[in-house]
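A short worksheet on the structure shown next.
Here the structure is a predicted model, which means the values were calculated and not measured. In what follows, every chain begins at residue 1, and chains take the letters A, B, ... in the order their sequences are listed.
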Amino acid sequence: MSETHKEHPSPTKYVQIAIVLAILTAIEVALYYTEDIVGALAAPLLIVLAVGKFVIVVGWFMHLRYENSLINKFFAGGMILALILFAIVMIERAVGNFI
Amino acid sequence: MSDAHAYPHEPTGVETRKLGFWIFLSTEILFFGTLITTFLIFKGRDFPGIKLTDVYDIPFTSVSSFVLLMSSLTMVLAHNALETNDQEKTRVWLLATAMLGAVFLAGQIYEFTEFYHKGFELSTNIFSSTFYVLTGFHGLHVFIGVVLLLALWGVGQRQRGLSLNEGMNLEFIALYWHFVDIVWIVLFTVVYLI
Amino acid sequence: MTKIIEPKKQRNIFSRPSSETGIWSWITTVDHKRIGIMYGYAAFFFLLVGGLEALLLRIQLSQPDNNFLSAAEYNAMFTMHGTTMIFLAIMPISAAFFNYLLPLQIGARDVAFPRLNALSFWIFIAGGLFLYSTFLFGTAGAPEGGYLDEEVSRLASAPNGGWFGYQPNAGLKYSPGTAMDYWAIGLQILGIASLVSAFNFITTILNMRTKGMRLMRMPVFTWMTFAVSFLLAFSLPIIAIALFFVTFDRQFGTTFFLTEGGGDPVLWQHLFWLFGHPEVYILILPAFGIVSEVLPTFSRKPLFGYPAIVFAGFGIAFIGFGVWAHHMFASAISPVAQAGFGLSTMIIAVPTGVKIFNWLGTIWGGKLTLNTPMLFALGFIGMFVIGGLSGVTHSVVPADTQQTDTYYIVAHFHYVLFGGALFGIFSGLYFWFPKVWGRMYNETMGKIHFWLMLIGFNVTFGPMHWLGLQGQVRRTWVYAEETNLGFWNLIVTIGAFILAVAILVFMANWIYSRRKGEKAPFDPWDARTIEWSIPSPTPVWNFSKAPEIKSLDDFWHQKYGEDEDGRAVRREGTDELLLKLEEEGLNPDEEIHLPSPSYFPLILAFGLPFLGYAIIYKSVPLALVGVILLLIGGFGWGTEPLEEEFETSEENPDAKESSTYE
Amino acid sequence: MQIKKFLKTRHLMLCSFLFITACIENAPLDSLSPAGPYARTIDDLFWLTFWIAVVIFFIVQGALLFSVFYFKDSPDKPEPKQIHGNNFLEILWTIIPVIILASIAVPTVRTIFDLAREPEDALKIEVIGHQWWFEYKYPDFAITTANVLVIPEDTPIRLEMWSNDVLHNYWVPKLNGKRYLVPGQKTYLNLHADNAEEFWAQCGEYCGLSHSKMRGRVLSLSQSDFDSWVMNQQKNAANDLDQNSLAYEGQQVYLNAGCTQCHVIDGVWDVQGEQIAPNLTHFGIRNVFAGAALKNNPENLTKWLANPAQIKPGTFMPNLELTEREIEALIEYLGTLK
Ligand code: HEA
Ligand code: HEA
Ligand code: CUA
Ligand SMILES: [Cu+2]
């Protein structure tokens, strides 16, 4: 079948991406230890970093960037659906039957 | 897909097996989503007894997270090598990936036993239960991944070598492996860091 | 008679199965049609079993304070009835239709992954047998510290927590013994089967369509298969994890859903219904698809508002994910959540209404042939609307707090499940009977079946509305004489037996017509979709030549044009066209490669129940057996080429001839 | 108001039709004969939806039957016009249902919040679900009782509910809808009875073997009757029985046969630890027992004491192998617990 996706990056590019990932991880761990200093910002920052790593791996290593939009739709669809449903469940369980 | 029979199709431009595999991965999101949701719901609650923060060892887990992250690199390099049909390199990177995965698993097993000895057991409290089921489910995925990688490596030893066009091939295992890695990216943050 | 090229003999751990007839050819088959047929028979068998359980329930309830069944038996019976009907009867019957028809409707030679298809069938069988083995090996009893007057009979040694297994009642403390473990693990296995088939159907629909079969030219049944597959793919993982938790709670002392250890019983309700509500649309959408094929055919008109029906189907599937908490209106949820879910539930009525009105638009002004499939399709509309409207009365939250857990709910869901899903399924069974068997069913018996069923159905489930509003609570083994519910309960029981007779008529018709029915022409209904453009029974290779699709309802447009009034006129040369199609269909002029049969799906599938037993009985040997079966299956599968390699005829001059199967 | 009246007459007609074919008497769990404001709002809402549904029902079934008879095939019928759809109609039958639903949605949402609000000056009562009976506590009066919930007429009641074991579901059809009793979490339900009357209650949620026999009664009394009931409940059970009476013998059986492990009789015996059985202090004035599965009379009590599990499979009350004489004495004693 016809593979219509664009050229994949080169090994050097991959190594560079990995280095970025490693740095992000280092920042995460650093954030954890400096939580007292960073304060309430730590949790959101950690989430942002995790999302960043997530996107990098999915986009480059899994080649989703280079993939047919159909696949993108499925994956994003699954993500969004899961996020919405589970957010509702979590909120509902957190407030109990009081609101 | 081999073009043994040229049965005409309405093309979507995506290879059939790859499509199926991505759909599988989309549903995996729901699997882990349910687990993470449960974990978060209970994380916010009061529960008696020992907590994860009493037993865990962030430097250790950071290192093993790093190992798993790097295995994604070796995986993608293996994939890249096969795209240029460099069998030798492919096998090396495959084996490296499997080894890194195994190191991660070993780390997790070590960590679990440590926790157990410190009294953080499966049924100690609701938090420990969710912790073990969540990370254990991920560990199972890693384990399956390692088995698949080794199997693939074994197949690669055969004369014909590996190919991107047939069989349960490297591309899918690579996708699977990266997926397992991104799940850990989320888990590491959600379970350990926050 | 035609030539089929033998696949190249592979060297493997097992020699590849090669028989083309007889039992082994069925067991190792990867042909979507045979798998569909097997799915159908197995599911129908479970329908009978579930119906038998319903009859026992009804006998017990035929009079107040009856003692026909013990409480333990009654509870096991309704749990198994609900579980069987939903997971072992309606879902797999729908899968039977998907399997058989999907490739035919999109002009494909098979599904995308034939062996995966066989796998999902065998996992379904393995799961069903596993669940039902509870009657042999399972145990159940009084809650910890409670007393029973008599021993628990075999009949009562089955899961007894209700089909949604609410926690903590279904936990180990309140449901001791192994029966509920059979339930949790059994559903887990069945879930895998459906999940696998969902991946398969989605990819099949996306990638195996024949030339010109654009998405908006696909038959509605195919569309509904597509929607159902998405529902399955995104809802089953949730229940799978929830069942994991249950198994852990019961086997390994965790407390996910048990308050004692800080768990949350309401979380189970959320997780179950997050799956459970999409599940009910999984049950109904195939029937929507079937009637969308039957109505236009017998009205001799195109489907009214095809795009509207398609989008409405996806609308239902999508909104269906956002209404789950309407099963929890009386549970511990907040008024805000009640209001939100009440509204989202009401919204579902809109796309469903669009479908109903479009079907009415289809028959309006048509030329209706009132034969059995058509009668069932029309009955479907009538009965489903009743169930749907009672559903809307549930969505009115305060009213639902009166109705919930009463027979009013039981009435609602039987109207949508039986009057909806099952009527649709019967319609489809008659409609495609000639295509599958090459013979016609008996029309008179079919009509008798329909009328008996319509009457029996309403006598059975109609009064349940009233019973529920009069206060009969569901899942009650006995009710008090003073509640004055005896009379209508007796009527309901009588209705259930009328239904049993109707089903016997159906079976008689089936068995008789299968053997002795008239030979069916390949297009007996003057139908619209391309599965009717090939011979009946369908040849193994489906299409001799990939058809090229030029429009929606392509086959019809090959046969008919329109005059200036917009009325259908048969094209000249249609008769010759049909003759040619039949001739071509039977004698493909090219060599056809079909995927070869395989043992491995079967082996892989039967590893799972062993793992299940291993968990229940904490037995390492059983676990080993399971793992070994999985490994053999998996490894064999992996080394057996995914896509068959064929030798060309030059290399294999004495290619064997084979014919279609019976 | 006009419309409401009209609806009510139709309701009556429908009911009478169905009653004639069934029984003339009313069903005690009937959810369609509200006896208090909460149940009445629900009832109004239900009939509103019901009649809308009936209209839609007739439209759809009418169109269906009409088509079947009118468009049925007959030999000389020409081929039909090939109509593929009509956008105007599509929009129409999307919009109209939306409007209809909106008209149901508004009162629905309003009623949800009305019903959830805690009424002012409500009498607070705690309801605790047990497998398979309901326990009631009146925190204001320090009363504990079971099976029969006694309330003053024409007074709003606020129930605070939870469960001791599995999920239960508290339902007094004539007073309000259902509400779950959940272990480890509280739920609330309002009741309000117009008149002094006895109502039936039933556990709605499947809760194990004897779910069907988990019933109850709600007794609404005039304010003065209620006050004297409260006074009586606050008293301990008499402990000065005539030593020669059968009742005294019964008390001795009670104290020695093992009943004291579980049951409390205020002034006679208290149970340490968790209370898992109904408080029997004023057993004699309750007209039903064992989760209202049985009427309180000697015959039924004999059956119960001889073998509780036969009446209620799975029950936590053991068969204490009592002799006939002991049972007789116990019944006599239980009868004195007024
Ligand atoms: C095939 C399965 C199926 C289908 C299709 C439906 C369809 C619907 N169901 Fe049902 N339902 C079940 C199967 C199904 N249900 C089952 C099995 C249960 C019980 C589970 C258990 O407890 O064991 C249940 C329970 C259930 C409940 C929970 C009740 C309770 O336990 O308290 C509710 C509550 O809102 C509900 C609502 C609805 C609604 C609003 C629809 C709607 O989709 C219906 C829409 C259809 C119409 C409305 C008719 C056609 C429309 C028109 C003609 C347009 C005009 C109409 C209007 C403007 C109103 N259902
Ligand atoms: C698609 C699903 C489906 C179908 C088709 C049915 C069909 C029937 N159901 Fe169903 N029912 C459910 C799904 C279904 N049910 C569910 C989900 C529940 C909830 C369970 C729970 O609460 O957990 C339920 C609960 C339920 C109850 C409530 C039990 C309770 O709450 O206490 C009752 C009571 O009357 C009932 C009755 C019936 C009857 C009489 C039929 C009849 O239509 C059956 C007709 C079929 C037959 C009569 C079979 C014919 C058999 C023969 C002819 C014998 C021949 C046999 C051999 C040759 C082997 N069902
Ligand atoms: Cu308590 Cu049912
Ligand atoms: Cu629902």
Side-chain angles (χ1 to χ4, degrees), chain A residues 1-9 28 32 35 40 42-44 46-99, chain C residues 112 198-199 202-203 205-208 215 226 229-239 241-242 256-257 262-278 314 317-326 328-341 344 643:
Chain A
M1 288 269 100
S2 54
E3 293 279 310
T4 48
H5 53 233
K6 297 160 242 167
E7 270 307 297
H8 291 165
E28 281 182 345
Y32 171 79
E35 210 173 332
L46 281 170
I47 292 172
V48 170
L49 285 172
V51 171
K53 284 162 73 182
F54 186 101
V55 170
I56 292 175
V57 175
V58 176
W60 275 271
F61 284 1
M62 292 170 90
H63 302 141
L64 199 59
R65 273 190 78 221
Y66 311 97
E67 213 53 90
N68 189 296
S69 73
L70 193 66
I71 284 179
N72 276 292
K73 277 181 204 146
F74 283 133
F75 200 69
M79 271 327 277
I80 293 168
L81 184 75
L83 284 176
I84 296 176
L85 294 187
F86 294 132
I88 296 176
V89 174
M90 278 192 265
I91 293 170
E92 206 287 318
R93 279 291 75 204
V95 301
N97 52 344
F98 296 112
I99 294 183
Chain C
F199 303 146
I202 294 177
T203 30
I205 292 174
L206 283 174
N207 258 13
M208 307 296 280
L215 287 175
F226 201 33
S229 302
F230 277 112
L231 284 169
L232 285 169
F234 289 129
S235 66
L236 280 168
I238 303 175
I239 189 75
I241 296 298
F256 290 104
F257 301 127
D264 187 348
V266 183
L267 179 63
W268 164 261
Q269 298 178 16
H270 278 295
L271 296 183
F272 184 88
W273 292 116
L274 262 169
F275 151 79
H277 189 84
F314 274 83
F318 183 71
I319 307 171
F321 269 107
V323 302
W324 74 91
H326 69 206
M328 303 161 59
F329 281 154
S331 183
I333 63 170
S334 59
V336 174
Q338 288 180 337
F341 282 99
S344 66
E643 293 289 326

> Minimum heavy-atom separation for C:Ala332 to A:Arg93, with atom names?
Replying inline: O-NH2, 3.3 Å
> Would a line drawn from the ring center of A:Phe74 to the ring center of C:Phe234 be shorter than 6.0 Å?
Replying inline: no
> What part of A:Leu85 lies closer than 4.5 angstrom to a heavy atom of chain C: side chain, backbone, both or neither?
Replying inline: both
> Side chain, backbone, both or neither: which part of A:Ile84 has an atom under 4.5 Å from a heavy atom of chain C?
Replying inline: neither
> Relative to chain A, which segment of C:Leu267 carries a heavy atom at a distance below 4.5 Å: side chain, backbone, both, or neither?
Replying inline: both
> Under 6.0 Å from the CZ atom of C:Phe318, do we count more than 12 heavy atoms belonging to anything else shown?
Replying inline: no
>> If you define the side chain from C-beta out and look only at heavy atoms, does anything of A:Leu81 sit under 4.5 Å from C:Phe230?
In response: no
